[in-house]
Protein chains: 2
Amino acid sequence: MDRLVGIARQWYDQIADGEIPSISLPTRTKQNITYDDATEVWKYGEKESTRAASTARSATHLLKMAYTIGFLKEQLLQNRSSTLREMYYISESWKKAKFAAQDESNYLVEDLEIVTHVEREAFHLRPEEDGASIFGPLRLRETTRRGVREIHCRDDVGEAGYSIPNNVGNVDLIDHDAKFVIAMETGGMYARLQENGFDEEFGAILVHLKGQPARSTRRMLKKLNEDLKLPILIFTDGDPWSYRIYASVAYGSIKSAHMSELLATPAAQFVGVQPSDIRDYDLPADTLSEQDVAALKAELTDPRFATDYWREQINLQLSMGLKSEQQAFAARGLDFVTGEYLPKRLREMGVV
Amino acid sequence: MDRLVGIARQWYDQIADGEIPSISLPTRTKQNITYDDATEVWKYGEKESTRAASTARSATHLLKMAYTIGFLKEQLLQNRSSTLREMYYISESWKKAKFAAQDESNYLVEDLEIVTHVEREAFHLRPEEDGASIFGPLRLRETTRRGVREIHCRDDVGEAGYSIPNNVGNVDLIDHDAKFVIAMETGGMYARLQENGFDEEFGAILVHLKGQPARSTRRMLKKLNEDLKLPILIFTDGDPWSYRIYASVAYGSIKSAHMSELLATPAAQFVGVQPSDIRDYDLPADTLSEQDVAALKAELTDPRFATDYWREQINLQLSMGLKSEQQAFAARGLDFVTGEYLPKRLREMGVV
């Protein structure tokens, strides 16, 4: 809250000194986003833009920011929370500071994250999106609005598992009996590993990513890696869009470049489906579409995929012209993926 | 399993009698789906089509059905389960009975549901889609692959709530302290009611529908209504697509007409956002798009909306040309929806 209010305090001081109030922010264009080799995540570069209240347009922008800071301060004082959507609607009563669209208020919240170096969850702003599910040998403690809950993610939950809350900051990992975490793109594979007892046999914590993972899911994976020192394995379909799921977990995304250090898990490893798996296991496959080919070619110039391994795999896929889903392993029987593919692949990767 | 194998047994008998094996099914066209006034759900009419193995095409169809029955029988014998997607891939090894696309195998499974009068969950076929979440004064018992779990949906879960499993048949509702169930379209509203303590103050079980509700969510609502005799209230955005969410919970959908009696909850009631709420509360609203107008007009001729109430509301909306989201109530403050709107509306509806 201090950091938030500090922004307004700075404006106050500027006005008191006879200056025009202003705020400086990293320029948020693609040209100013760079891949940081040391931390292995995307970050904003050094270019800054300054917004001063010397035009009506910029003054309105600062006014909106002031109202937002005031709203968030009240919310924190009262220990309330709200969704990004609710905040947009609340601005209805802010007269000239009313947001024209939710994009505008979302963007402003990102600006506040950048200036304060605090994520929006700490302002008690919730996304609409849901967190994913966890099933496996993990005991955690969640501080909820109705008290503290201690939950074992296998013994105390139903088959759908433990649902990750919006604010992972409220979760403490207490205890576990796992050797690694395996996060899956599809619910079908999550249920497959659970049904086949993969978690018990291999000491695995199973995570269902639910497609492109929400921020809370990425924070939970980072927490599992950092707090428990567990390897994080990502198991997706074998197509360019799924490789981006892996990359967003491991390296962050351009959209949330300002939060990469909080959200990315550079130690995360890609399991598959690898293009070489499509070949080696003769998996049922679909032909790459034009969009697939374009996405694969874009990945060849993406710094996150600038390794020999990825270049080789992506070029192999382009030459085969094929993609496969993770559930395609079922063509070899329902036990193939847990009995043969994964054990062999995890030995190869040095995980088991 | 008897009913499944019975289909194959009938073919065997037909062949033994020198007949061409065949199967009869209700004709699955829109013309043959009728709204049943007595049970208030969509059902197939009396038209039947017979498929006999007298052409190569129909013979292949029966062959695929035979392979599918064999696969499901094995699965049931071994107490295994699989996703619809996995079954499609498994057919890779069925030679001439291999499915050309997943649409084909899904459709065949629906045929089996129709013939056997048993839902696919009983064949241990899982969908990819997830169930929704529950939070509130409800204790249930879920029989999972790892044993029986007794879970209180407020005291034993995190803030995200209890996740409904794919197969609601494994859940028993044991105990509750609720007066009604309120199911919401958006996660934002689900979290709002939870944060504002609406469940405790009004004795409400909160359900997050996650948009168009999955089959398991609809089954759970039906179960809450039938087993616990609780009123089911549906709270969505105020647009034609959201009214369809309500209608699919209450009356079933054309797509799953054959399962309506198992999935629909005719006693479910619509809370809002009503077009008259947009007017009465002067809610922030968007202009109806052409698609919205067309969808509203289609609802005027939909038997599920053939009541004075809906005709009045839909005509009002068409004349205003506006739609509002449920979170738009936040324009009047974060407590308005739980402190004023819902109590007033539920009194009006006779629920509290």
Side-chain angles (χ1 to χ4, degrees), chain A residues 75 80-93 126-131 133 140 142-147 149 151 154-167 170-171 186-189 191-192 194-195 197 200 208 210 283-284 325 327-334, chain B residues 75 80-93 126-131 133 140 142-147 149 151 154-167 170-171 186-189 191-192 194-195 197 200 208 210 283-284 325 327-334:
Chain A
Q75 170 161 292
R80 300 293 301 270
S81 65
S82 55
T83 64
L84 292 165
R85 192 92 189 128
E86 285 176 321
M87 195 186 81
Y88 159 67
Y89 279 121
I90 279 168
S91 81
E92 285 279 324
S93 59
R126 282 192 302 263
E128 279 298 306
E129 56 189 1
D130 257 273
S133 310
L140 51 80
E142 183 185 334
T143 305
T144 76
R145 294 187 195 94
R146 306 299 167 82
R149 305 279 180 259
I151 296 168
R154 185 164 62 201
D155 302 342
D156 300 333
V157 297
E159 243 165 46
Y162 166 77
S163 288
I164 302 172
N166 287 312
N167 192 351
N170 295 333
V171 177
T186 66
M189 191 52 78
R192 171 60 43 224
Q194 190 186 134
E195 171 168 327
E200 293 188 328
H208 177 197
K210 304 198 178 173
L283 294 178
E325 298 180 352
Q327 290 188 73
F329 285 111
R332 297 179 152 237
L334 293 177
Chain B
Q75 171 159 291
R80 301 291 303 269
S81 64
S82 56
T83 63
L84 292 164
R85 191 92 189 128
E86 284 176 324
M87 196 187 80
Y88 159 68
Y89 280 120
I90 278 168
S91 80
E92 285 281 323
S93 60
R126 280 194 301 263
E128 281 296 308
E129 56 188 2
D130 257 89
S133 310
L140 51 79
E142 183 185 334
T143 305
T144 77
R145 295 189 194 91
R146 308 299 167 81
R149 304 280 180 257
I151 297 169
R154 184 164 62 200
D155 302 341
D156 300 333
V157 298
E159 244 165 46
Y162 167 76
S163 287
I164 301 172
N166 288 312
N167 192 350
N170 294 332
V171 177
T186 66
M189 191 52 75
R192 168 62 42 225
Q194 191 186 133
E195 172 169 324
E200 294 189 327
H208 176 196
K210 303 198 178 173
L283 294 178
E325 297 179 352
Q327 289 188 71
F329 286 111
R332 297 177 152 238
L334 293 177

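Throughout, a chain's letter reflects where its sequence line sits, starting with A, and its residues are numbered from 1. No hydrogens, no waters, no symmetry mates; every other heavy atom, side chains included, goes into these values.
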Subject >> S133(B) vs S163(B), side-chain hydrogen bond (donor to acceptor under 3.5 Å, both in side chains): CA-CA, chis, key distance, verdict >> reply: CA-CA 5 Å; S133(B) 310; S163(B) 287; 4.6 Å; no
**OP:** Go through E195(B) and R126(A) one step at a time and tell me if the salt bridge (charged side-chain N to carboxylate O under 4.0 Å, His left out) criterion holds.
**Re:** CA-CA 12 Å; E195(B) 172 169 324; R126(A) 282 192 302 263; 3.4 Å; yes
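A heavy-atom distance below 4.5 Å is found between the side chains of V171(A) and P165(A). Counting only heavy atoms from C-beta outward, the side chains of N166(B) and E159(A) never approach each other to under 4.5 Å. Looking at heavy atoms from C-beta onward, F329(B) lies out of side-chain contact with R192(B) at the 4.5 angstrom threshold. At least one side-chain heavy atom of R149(A) sits under 4.5 Å from a side-chain heavy atom of D155(B).
Contact annotation for V157(B): only backbone heavy atoms (N, CA, C, O) come within less than 4.5 Å of a heavy atom of chain A. No part of N167(A) comes within reach of chain B, as not one of its non-hydrogen atoms sits under 4.5 angstrom from that chain. Contact annotation for Q75(B): only side-chain heavy atoms (C-beta onward) come within less than 4.5 Å of a heavy atom of chain A. For chain B, the nearby parts of L334(A) are the backbone and the side chain; heavy atoms of each come within less than 4.5 Å.
For the options E92(A), R146(A), E200(A), heavy-atom pairs under 4.5 Å to chain B are most numerous at R146(A). Ranked by heavy-atom pairs under 4.5 Å with chain B, the first of S81(A), S93(A), G158(A), P284(A) is S81(A). For the set R145(A), E142(A), E325(A), R332(A), the entry with the most heavy-atom pairs within less than 4.5 Å of chain B is R145(A). Chosen from D156(B), N170(B), L283(B), T144(B), the residue pairing most often with chain A at heavy-atom distances under 4.5 Å is T144(B).
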